[in-house]
Number of protein chains: 2
Amino acid sequence: MELDQRKLQILRAIVDEYILSASPVGSKALSKGGMKWSSATIRNEMADLETLGYLAQPHTSAGRIPSEKAYRLYVDQMMQRAHLSDEESKLLYGYFRDHVHGVDAVLRSTAKALSEITHYTALVMMPDIGVNRLRHLQLIPLTPGKALAVVVTDAGVSQNTVIDVPEDIGPEELDRISKAITARFSDCRMSTVSSKLVRELGGELSQRAGFVESLLSRLCESQSSDRHMVELSGTTNMLEYPEYSDVNKAKTFLATVEQKDDMYRMLKKASSMEFTVTIGSENEQEGFQDCSVVTASYRVNGTPVGSFGVIGPTRMDYARVLSILKNVQTNLSTVLQSFLKEE
Amino acid sequence: MELDQRKLQILRAIVDEYILSASPVGSKALSKGGMKWSSATIRNEMADLETLGYLAQPHTSAGRIPSEKAYRLYVDQMMQRAHLSDEESKLLYGYFRDHVHGVDAVLRSTAKALSEITHYTALVMMPDIGVNRLRHLQLIPLTPGKALAVVVTDAGVSQNTVIDVPEDIGPEELDRISKAITARFSDCRMSTVSSKLVRELGGELSQRAGFVESLLSRLCESQSSDRHMVELSGTTNMLEYPEYSDVNKAKTFLATVEQKDDMYRMLKKASSMEFTVTIGSENEQEGFQDCSVVTASYRVNGTPVGSFGVIGPTRMDYARVLSILKNVQTNLSTVLQSFLKEE
DNA sequence: TTTAGCACTCAATTCCTTCGAGTGCTAATC
DNA sequence: GATTAGCACTCGAAGGAATTGAGTGCTAAA
């Protein structure tokens, strides 16, 4: 079913207006607000748009609100890219310039930037360590039988895991094992380190093959159970919107967004795409049926390693959010690049 | 002003009832609910208690609600310690048994346990690294000019900080410096390491005195700007209570509780005391004027290094919360002790 | 000193009315 | 044939009056 030019214009006006006001848009308001047709004409078109499924009426004597189908169309075809003002760009840039204390800090700062500038809730996924290449592994003795494993990858990501160590391995040997593993597996992807290469251990490591094997598998597995996987920011921003003036809705939303495992899965899935826009019931999460999620991926050395995004009510300002995400994506890749400077 | 026995009994009954129901308590209800005096008598006593400042009336034709003064009295003198059921104790213990992946994980688990069992919001402060003794320092090269500093203390706490390194220091020298510092400062308190001992550097380190000095001060300073200082859990639990059925109140609360710096300061202050109970306006935070905060401290090697607590509405179940905190305190110190096993 | 009794208060609830934004339909107009 | 003016109609929101009932203070009797 094709929509003619006029229907498109009217639909767009309705979506734009509803994004601003959150209240149903009537034909008269549209007609007065710069549309070149009378309210009656608009009314007829709106009736058509409703039967086509693009609009809905909360009740007979109210205006129309856009359906998810309308948002979909809006995002895919009608939306005009918003332009960020210089101030905003500068503001955004500021969040990145001052945080050069490592990947973690930058990504946390990203989340904060996103939530503060969009006024929605921001999510940032920590980079997937599996695709990164090992730079350095260091085992640090804690107590007899326990050690701390610190992993550094080419993306600068580090991760600490407490591991069990056979009691007969002393501090010096831990150090030697660290150096040996670093030398042997340097520049291998984390995900392949444990699976493929464990068998090829030679020299000193062969005596400790069992330990090394369990160590490496532990490192990969601990990543998925790690708590820093997702950084959230601005969760309470949503309470500003009339959609969440009901505490129960707010609670449902907050509870959903704090399921970090789910959020991680969502972002991970999205990280293979440059951008995604998921509207209302397109979301898998129960609690996001009235929300939209917009994400962008970020890369290190050309490989997508993670994604970040924004959650807002379905009537979110998609154009603006996408512009911001694009801007952040650029900033982020620049900063991450500076951490990795291939030698 | 002394309260006679009967006034105390009535006051306690009102507080107990109000903690449960959150709605003003009337004389009739009390009289029917097991009090041995008629509603009229109770009414007279209530009028007295009101003029004494222990009760307040939302409006003329409503029952009475306890004032902060009443809660204070209740907590200090009237409350009977609640007894945790065996199931609850077991449940609590379960949170600790399974999380032996390091201090961080245990404390996060503590927060979760507290919030889930109390149904309030839980806060746990990460241990103050300054009072702990250095076990191991390891500098791991990242890129030329940058390195990752990993600090391990006697409490098992570790912390990563990205630091700048003069370009002429290579990986081998970083390793040597790490070992030298570890050897020299092992078992010194972190807080004294940088201030006192920097001058006494001898041997190899003296050539790099400038670098080592900046490194050590950076380590101590970075702790205070660290983001993991406070672990929050169950922030949305508060939305269950009628006190927060108004979204604005909820928002104020959530915004306050997410000011991690403030929360850290609050907990840090409380960590010198075994237990604290701070009621309503006794709280410094604007957003906690209708909340109470109950905390307990935890120790490592006999030194208090941090605290944890619960935030709830002023009508929280103080007796129960205190019992739970006490139980958690015991569990926590046992588990932390197991991390430190002095060799 | 305690309590029964009673008049009084006031928030909460319910029911009604009014108001107005918005609609659909029809007939006149371009 | 498309557009628009006009009009009756719908229905939620807002406001107001009446009702209800839990709770009080006060007084007088036990």
Side-chain angles (χ1 to χ4, degrees), chain A residues 2-11 13-18 20-67 70 242-243 245-246 315, chain B residues 2-11 13-18 20-67 70 242-243 245-246 315:
Chain A
E2 270 301 290
L3 297 183
D4 62 31
Q5 207 51 35
R6 191 168 65 185
K7 282 194 176 57
L8 285 175
Q9 267 188 59
I10 291 175
L11 186 54
I14 292 172
V15 173
D16 281 335
E17 177 58 28
Y18 188 70
L20 281 181
S21 71
S23 46
V25 182
S27 55
K28 208 178 249 171
L30 275 190
S31 155
K32 280 185 185 161
M35 290 261 104
K36 56 190 170 191
W37 305 282
S38 77
S39 66
T41 310
I42 294 176
R43 214 144 50 224
N44 287 330
E45 296 289 40
M46 282 165 94
D48 286 359
L49 285 169
E50 183 167 355
T51 55
L52 291 172
Y54 291 101
L55 294 178
Q57 241 182 331
H59 56 265
T60 329
S61 68
R64 302 301 210 296
I65 61 175
S67 67
E243 281 88 341
S245 58
D246 174 28
R315 62 166 185 103
Chain B
E2 269 302 290
L3 297 183
D4 62 31
Q5 207 51 35
R6 189 169 68 184
K7 283 195 175 57
L8 284 175
Q9 266 188 58
I10 291 176
L11 186 54
I14 293 173
V15 174
D16 282 334
E17 177 58 26
Y18 188 70
L20 280 181
S21 71
S23 45
V25 182
S27 55
K28 208 178 247 170
L30 276 190
S31 157
K32 280 186 187 160
M35 289 262 105
K36 56 190 169 190
W37 305 283
S38 78
S39 67
T41 310
I42 293 176
R43 217 143 49 222
N44 287 331
E45 296 289 42
M46 283 164 95
D48 286 358
L49 284 168
E50 183 167 355
T51 56
L52 291 172
Y54 291 101
L55 294 178
Q57 238 181 334
H59 57 265
T60 329
S61 68
R64 303 301 210 295
I65 62 175
S67 68
E243 281 89 341
S245 58
D246 174 27
R315 61 164 186 104

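Per chain, numbering begins at 1; letters A, B, ... match sequence-line order.
Distances shown here put every side-chain N or O of Arg64(B) at or beyond 4.0 Å from the OP1 or OP2 atom of dA22(D). Note on Ser39(B): every side-chain N or O is 4.0 Å or more away from OP1 and OP2 of dG23(D). Put simply, Thr41(A) has no side-chain N or O that comes within less than 4.0 Å of OP1 or OP2 on dA2(D).
Under the side-chain contact (heavy atoms from CB on, under 4.5 Å) test applied with Ser27(A), the options Glu45(A), Arg43(A), Lys32(A), Arg64(A) reduce to a single match, Arg43(A).
Under the 4.5 Å side-chain criterion, counting only non-hydrogen atoms from C-beta, Leu49(B) is in contact with Leu3(B). Proximity of Tyr54(A) to Ile14(A): side-chain heavy atoms (C-beta onward) are nowhere separated by under 4.5 Å. Here the side chains of Val25(B) and Val15(B) are not in contact, with every heavy-atom distance at 4.5 Å or above.
With distances taken from any side-chain atom of Ser38(A) to the nucleotides dT23(C), dT3(C), dT4(D), the minimum falls on dT4(D). The nucleotide whose nearest atom lies closest to any side-chain atom of Arg6(B) is, among dT23(C), dT2(C), dA5(D), dT2(C). Candidate nucleotides dT4(D), dT24(D), dT3(C) were compared by shortest atom distance to the side chain of Ser27(B), and dT24(D) ranks first.
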| note | In B/S/- notation (B base, S sugar-phosphate only, - none; protein heavy atoms under 4.0 Å), nucleotides 11-20 of chain C written 5' to 3' is S---------
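A donor-acceptor pair under 3.5 Å is absent between the side-chain atoms of Ser39(A) and the main chain of Ser31(A), judged by distance alone.
Within a 6.0 Å radius of NZ in Lys28(A), no more than 12 heavy atoms belonging to other residues, nucleotides or ligands are found.
Note on Ala62(A): only backbone sugar-phosphate atoms sit closer than 4.0 angstrom, heavy atoms only; bases stay farther off.
Remark: P of dA2(D) and NZ of Lys36(A) are 17 Å apart, rounded to the nearest angstrom. At whole-Å resolution of the value, CG in Leu49(A) and P in dG22(C) are 17 Å apart. Distance Arg43(B) CZ to dC8(C) P: 16 Å, rounded to the nearest Å. Atom NZ in Lys28(A) sits about 10 Å away from atom P in dT23(C), given to the nearest Å.
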